[in-house]
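Just so it is clear, the structure is predicted and the values come from calculations on it, not from any experiment.
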Amino acid sequence: MYDSDKLVERQLTSQKVFSGRLLHVYFDEVALPDGTTSTREWIKHPGASAVVPVFENGDVMLVKQFRYPMSQIFYEVPAGKIDPNEEAGTTARRELKEESGLTCQQFQYIGHYYPGIGYSDEIIHLYTAWNITSFEQQVDDDEFLIKERLPFQTAVEMVHSGEISDGKTMVAILRAWHWWQQEGSFSVDG
């Protein structure tokens, strides 16, 4: 078995081949652990935050949204990209307000994950929120969402059945469910 340091690739050259509003695509030449060279195409992403809002009765708020690349509607937790010089928690609170029309008094970081390690440096920070206050959504002009409030247990079952298939939403719901079982300030077992 190799030692971990014998797995590291070293960047030799890097060329930006596409620059968009959100994503930047690079084509790099790398030195492999055995001394040979290869190429890597990868996407630079600003990172994102996602939040699972939990109501006192144990419900969560999801949003339904059409996603163009897959040409289908997905259940998702409120989430969005981190703006320049913005903290991940600030992003999560902003997206909670914009997408679901909610604010919270309690807020907890529950981890992060990397959704596309073979082609992107994107990281998604995960939060759960409670002591919720509702008001009207404030979505972006090009964003169309439908809010859907459902029992937390139902959302977990939808992950396991495949009805919820968006990666960030699956991870966020399961991590939040686990956190609530260990640390939550009220029961969500209903």
Exercise. Does V171 belong to the same Ile/Leu/Val/Met/Phe/Trp/Tyr cluster as I110, with side-chain heavy atoms less than 4.5 Å apart forming each link?
Worked result: yes

Problem set entry | D28 CG to Q15 CD distance, which is reported to the nearest 0.5 Å | 9.5 Å

For this session: Only counting residues at least two apart or in another chain, list the ones meeting ring-ring contact (aromatic ring centres under 6.0 Å, His included) with F107.
Result: Y127

Problem set entry | Sequence neighbours excluded - ring pair (Phe, Tyr, Trp, His ring centres under 6.0 Å) pairs with any residue from residues 6-35 | Y26-W42

Exercise. Mind checking who shares a hydrophobic cluster with V30, ILVMFWY linked at side-chain heavy-atom distances under 4.5 Å?
Worked result: L32

Exercise. Taking only residues two or more places apart in sequence, or in another chain, which ones meet L22 in a side-chain contact (heavy atoms from CB on, under 4.5 Å)?
Worked result: H45, P46, K81

Exercise. Hey, which of L96, N131, T128 is the one that makes side chain to side chain contact (heavy atoms under 4.5 Å, CB included) with C104?
Worked result: L96

Problem set entry | Contact check, side chains of V188 and Q181, non-hydrogen atoms, under 4.5 Å | yes

Exercise. Is Y113 linked to Y119 within one hydrophobic cluster, defined over Ile, Leu, Val, Met, Phe, Trp and Tyr using a side-chain heavy-atom separation of less than 4.5 Å?
Worked result: no

For this session: State which residues pass side chain to side chain donor-acceptor pair (under 3.5 Å) with D34; sequence neighbours excluded, sorted by chain then number.
Result: T36

Review item, side-chain donor-acceptor pairs of residues 154-164, under 3.5 Å, at least two apart:
{"residue": "E157", "atom": "OE2", "partner": "Q153", "partner atom": "NE2", "Å": "3.1"}
{"residue": "S161", "atom": "OG", "partner": "E157", "partner atom": "O", "Å": "3.4"}
{"residue": "S161", "atom": "OG", "partner": "M158", "partner atom": "O", "Å": "3.3"}
{"residue": "S161", "atom": "OG", "partner": "E163", "partner atom": "N", "Å": "3.3"}

Seminar exercise, completed: When rounded to the nearest 0.5 Å, the distance separating CD1 of I123 from CD1 of I82 is 7.5 Å

Exercise. Transitive ILVMFWY cluster of I73 at side-chain heavy atoms under 4.5 Å: who else is in it?
Worked result: F66, Y68

Exercise. If Ile, Leu, Val, Met, Phe, Trp and Tyr residues are connected whenever their side-chain heavy atoms lie under 4.5 Å apart, and connections chain through other members, are V51 and W180 in the same group?
Worked result: no

Exercise. Got a sec, which residues hit salt bridge (charged side-chain N to carboxylate O under 4.0 Å, His left out) with E86, two or more places apart in sequence or on another chain?
Worked result: R94

Exercise. Around atom OH of Y109, are there more than 12 heavy atoms of other residues, nucleotides or ligands at under 6.0 Å?
Worked result: yes

Problem set entry | For T103, side chain to side chain donor-acceptor pair (under 3.5 Å) partners two or more places apart | none

For this session: Compare all side-chain heavy atoms of I173 with those of L62 and state whether any distance is below 4.5 angstrom.
Result: yes

For this session: Considering non-hydrogen atoms only, spot the tightest contact between T91 and G80 and give its length.
Result: CG2-O, 3.5 Å

Exercise. Taking only residues at least two apart or on different chains, which pairs with a member in residues 119-135 satisfy salt bridge (charged side-chain N to carboxylate O under 4.0 Å, His left out)?
Worked result: K44-D121

For this session: Supply the atom-to-atom distance L12 CG to E29 CD, rounded to the nearest 0.5 angstrom.
Result: 5.0 Å

Exercise. Nearest 0.5 Å, what's the CG-CD distance between D166 and Q65?
Worked result: 9.5 Å

Exercise. Does S49 reach the main-chain N or O of A88 with its side chain, forming a donor-acceptor pair under 3.5 Å?
Worked result: yes

For this session: State yes or no: do V54 and M61 share one hydrophobic cluster built from I, L, V, M, F, W and Y residues joined by side-chain heavy-atom distances below 4.5 Å, directly or via other members?
Result: no

For this session: Tell me, please, which residues at least two apart from E9 pass salt bridge (charged side-chain N to carboxylate O under 4.0 Å, His left out).
Result: R40

For this session: Sorted by first residue and then second, give each salt bridge (charged side-chain N to carboxylate O under 4.0 Å, His left out) pair with at least one member in residues 56-78; sequence neighbours left out.
Result: D59-R149, K64-E148, R67-E76, E76-K168

Exercise. With respect to F152, which candidate in F55, W130, W177 satisfies the ring-ring contact (aromatic ring centres under 6.0 Å, His included) definition?
Worked result: W177

Exercise. Should V17 and L23 be counted in the same cluster of Ile, Leu, Val, Met, Phe, Trp and Tyr side chains packed under 4.5 Å apart?
Worked result: yes

